[in-house]
> 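Have a look at the structure that comes next, please.
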Amino acid sequence: MTRKAYHSALNDEPDVRQVGNLSVLPIKTRVRGPAPLADPNSADIIDETLDLFRANSLFRNFEIKGPADRTLIVLILFVSDCLAKLGSVRATPSQLEANKTLNTLAVDNFPIPGDANFALNAHYAPPESRADAEYLRQYLTQVRQELAARLVERLYADGTGKPSKWWMAFQKRRFMNRSLGN
């Protein structure tokens with residue numbers, strides 16, 4: 001029996017900008033940046049990433065069905081790197097420490113499609129211009145910051161002051177056996 005991974009419901013969204021073949025999707029955010037703003041009452045790509053992370057991280061293969069899936073993949077790999085980063089800390093981090101650590105990881109220099117050290121260049125088209133590449137880097141930085149903040153909220157939602165063991169159990173799991181290399 002073959003199980004299929006879960007795909008983005010945003011693949012069929014009309015009028016979504018693409019840089020290369022990656023969707024620049026609207027997000028609900030408090031972080032400044034170039035991302036279009038999403039309807040606060042509907043799910044955005046960050047909600048989707050957090051909802052689908054644990055199920056999709058069990059898959060080694062992922063059939064890309066649209067440009068939003070490419071964005072989803074990058075964000076799932078970032079969540080995986082976040083959990084690995086928190087799991088590598090000697091002492092269990094407090095929520096404040098986790099916020100600081102993951103925000104730093106979010107803004108650190110990272111490869112984008114087209115960069116020589118981007119792990120999935122075979123599946124992504126590079127940006128067409130330097131301006132597009134800079135826009136994509138700024139967009140992904142903003143999305144990573146918002147994703148890190150929401151991930152910490154979910155990790156510490158139980159009020160114990162420790163990250164959820166149900167999330168941290170995935171710190172060594174690698175979606176598609178890949179990492180963004182952060």
Side-chain angles (χ1 to χ4, degrees), residues 2-83 105-151 170 173-182:
T2 304
R3 286 189 243 163
K4 299 206 185 254
Y6 299 95
H7 295 276
S8 176
L10 303 170
N11 275 323
D12 299 323
E13 284 289 308
D15 304 321
V16 171
R17 179 178 179 182
Q18 289 184 41
V19 176
N21 56 2
L22 189 130
S23 283
V24 175
L25 296 159
I27 61 170
K28 300 177 287 193
T29 185
R30 296 174 298 274
V31 178
R32 288 183 52 200
L37 295 178
D39 175 0
N41 299 317
S42 63
D44 63 4
I45 190 67
I46 296 172
D47 294 327
E48 244 186 18
T49 300
L50 293 170
D51 291 344
L52 299 177
F53 169 76
R54 291 183 287 182
N56 274 351
S57 66
L58 300 173
F59 292 97
R60 289 179 179 229
N61 298 312
F62 187 86
E63 178 188 355
I64 297 171
K65 293 193 173 186
D69 277 348
R70 286 185 175 82
T71 305
L72 181 66
I73 290 168
V74 168
L75 298 180
I76 285 174
L77 291 173
F78 176 67
V79 170
S80 184
D81 288 350
C82 287
L83 294 176
L105 182 63
V107 299
D108 276 351
N109 193 20
F110 58 93
I112 62 170
D115 288 350
N117 55 346
F118 183 69
L120 298 165
N121 269 333
H123 306 285
Y124 288 76
E128 293 180 14
S129 67
R130 269 199 175 144
D132 280 351
E134 185 54 35
Y135 176 82
L136 181 61
R137 189 173 306 282
Q138 290 174 1
Y139 169 77
L140 288 175
T141 299
Q142 180 185 9
V143 171
R144 286 163 53 115
Q145 285 179 284
E146 182 64 30
L147 177 54
R150 290 196 217 169
L151 175 61
F170 287 85
R173 271 250 179 244
R174 290 286 174 230
F175 175 57
M176 297 172 40
N177 283 336
R178 300 292 177 104
S179 170
L180 291 177
N182 288 334

> Could you measure the distance from the OH atom of Y6 to the CZ atom of R54? Nearest 0.5 Å is fine.
12.5 Å

> Tell me whether Q142 contacts the main-chain N or O of A35 through its side chain, where contact means a donor paired with an acceptor under 3.5 Å.
yes

> Within a 6.0 Å radius of atom CG on D39, are there more than 12 heavy atoms belonging to other residues, nucleotides or ligands?
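Atom CG in D39 is crowded, with more than 12 foreign heavy atoms closer than 6.0 Å.
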
> For side-chain contact (heavy atoms from CB on, under 4.5 Å), just list the numbers for L120 and L77, CA-CA rounded to whole Å, side-chain angles, deciding distance to a tenth of an Å, and then say yes or no.
CA-CA 11 Å; L120 298 165; L77 291 173; 3.5 Å; yes

> Quick one: CG on N109 to CG on N117, what's the gap to the nearest 0.5 Å?
8.5 Å

> Any donor-acceptor pair under 3.5 Å linking the side chain of R144 with the backbone of A106?
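Yes.
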
> Rounded to the nearest 0.5 Å, how far does CD of E63 lie from NE2 of H7?
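Between H7 NE2 and E63 CD, I get 5.5 Å after rounding to 0.5 Å.
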
> Within 45° of the six-membered ring axis of Y135 and under 6.0 Å from that ring's centre, is NZ or CZ of R17 located there?
yes

> Report the distance from atom CG of D81 to atom CZ of F110, rounding to the nearest 0.5 Å.
12.0 Å

> Is it the case that Q138 and E134 place a side-chain donor and acceptor less than 3.5 Å from each other?
yes

> First locate atom CD1 of I45, then atom CG of L72, and finally report the distance between them rounded to the nearest 0.5 Å.
5.0 Å

> Rounded to the nearest 0.5 Å, how far apart are CZ of F59 and CG of L52?
10.5 Å

> Do you know which two heavy atoms are closest between Y124 and N21, and how far apart they sit?
CA-OD1, 3.5 Å

> Using only atom types and a distance under 3.5 Å, with no angle test, would you say the side chain of S80 pairs donor to acceptor with the backbone of I76?
no

> Between L136 and P127, what is the shortest heavy-atom contact and its length?
CD2-CG, 4.1 Å

